[in-house]
Amino acid sequence: MTVPVAMIPYTNMAPYRQLGAPRGCRFVPLVPRASIEALLSGEVVAAAIPVGGLAALDGVVEMVGRFGIAAEGESMSVLFFSRVPFDDMHAPRTIRITGESASSVRLLYLLLGQVHGFSRLPHIAADGQVPDGELLIGDRALVKGQTAGDSQRLFVSDLSRQWFGLHRLPFVFARWVMRRDASESIKSSISSWLDEFKVREPSLVEQAIPEAAATLDLAPAIIRRYFQVIRRCLDERDILGQQLFFRQIEKLGQRPLFQTATNVDAPG
């Protein structure tokens, strides 16, 4: 009998999928935010979860080495599309945010707050309202990012690039974790699987390019570049970037993230 491991169904995880599931495990497709709930409930034993969700899993999971998803500079798939430049995205502008991530929304919140001040953040667009900006992640962002700037006349802001411009550190979007109560044999299997991935990463990346390019209808050169900007085996600079993100989020305390226009006073 195999145990379930959450696998994000985005192209950035395709090289991991090339290796197949760890011994004794099977993949279950879950978007980043859903993987957090699945780990909490015990539906899965391991996942690459958004770092923004690690606090909710404190005491439930342990990180597996230095594996995940990170970017130093552009990410190509965590993008903010807007009708005005990023530097003009403040109240009373409106936004729409993805419900799939627990990290990217917090990253956008921090970046806009640092640029404009947390009292001047844009508001969540009302139902039926066309927003001034929209946060997309994963394959939808990757595909739209190839054409939005020209054909749709949108400003495209790569949040990882924005973060690097401010802090000169990579941004870590996800880390591989496993439940603390998983059996020792499953823990060993997942650890060995990721260690093998590190050794074989270059070949696994190349193997993943043709299928990913065909699935997204993008040129193989674009997918190759995408796989090159994404970091899966993390280093000390990635860890420093992750720690900085945690410190900044902690400073905000329980402050709510973006609010709808109906929940705030009319902006000045």
Taking the side chain as C-beta and beyond, is there a heavy-atom pair between [X] and [Y] under 4.5 Å?
| X | Y | answer |
| --- | --- | --- |
| Pro32 | Tyr10 | yes |
| His90 | Leu112 | no |
| Arg106 | Leu252 | no |
| Phe227 | Asn12 | no |
| Met76 | Ile222 | yes |
| Thr94 | Val130 | no |
| Phe245 | Leu110 | yes |

Crowding at [atom1], [X] (>12 non-hydrogen neighbours, <6.0 Å):
| X | atom1 | result |
| --- | --- | --- |
| Asp181 | CG | yes |
| Arg140 | CZ | no |
| Arg180 | CZ | yes |
| Glu250 | CD | no |
| Glu211 | CD | no |

Pairing of [X] and [Y] as salt bridge, 4.0 angstrom limit:
| X | Y | value |
| --- | --- | --- |
| Glu74 | Arg225 | yes |
| Asp235 | Arg237 | no |
| Glu62 | Lys187 | yes |

So, does Ser160 use its side chain to make a donor-acceptor pair with the main chain of Gly73 at under 3.5 Å?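 Yes; judged by distance alone, with no hydrogens or angles, the pair exists.
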Judged by modelled atom types alone, do Ser75 and Ser77 share a side-chain donor-acceptor pair under 3.5 Å?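 No, no side-chain donor-acceptor pair sits under 3.5 Å.
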Return the minimal non-hydrogen interatomic distance between Ala47 and Leu39, and the atom names on each side.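 Closest approach of Ala47 to Leu39: CB-CD1, 3.9 Å.
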Do you know which two heavy atoms are closest between Leu169 and Trp163, and how far apart they sit? O-CD1, 3.1 Å
With salt bridge (Lys or Arg N to Asp or Glu O under 4.0 Å) as the criterion, how do Asp238 and Arg231 come out once you've worked through the C-alpha distance, each side chain's angles and the decisive distance to 0.1 Å? CA-CA 9 Å; Asp238 297 308; Arg231 302 161 66 88; 2.9 Å; yes
Checking side chain to side chain contact (heavy atoms under 4.5 Å, CB included) between Phe86 and each of Leu159, Val156, Asp158, which is the one that passes? Leu159
Could you go step by step and tell me if Phe155 and Phe80 meet the ring-ring contact (aromatic ring centres under 6.0 Å, His included) rule? CA-CA 8 Å; Phe155 293 90; Phe80 185 70; over 10 Å; no
Quick one, Gln242 with Arg175, criterion side-chain hydrogen bond (donor to acceptor under 3.5 Å, both in side chains). Give me CA distance, side-chain angles, the key distance, then yes/no. CA-CA 10 Å; Gln242 177 181 310; Arg175 292 291 299 272; 2.9 Å; yes
Does the pair Tyr16 and Phe197 meet the rule for a ring-ring contact (aromatic ring centres under 6.0 Å, His included), with working shown? CA-CA 7 Å; Tyr16 283 118; Phe197 176 84; 4.3 Å; yes
To the nearest 0.5 Å, what is the distance between CZ (Arg23) and OG (Ser188)?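 With rounding to 0.5 Å, CZ (Arg23) is 6.0 Å from OG (Ser188).
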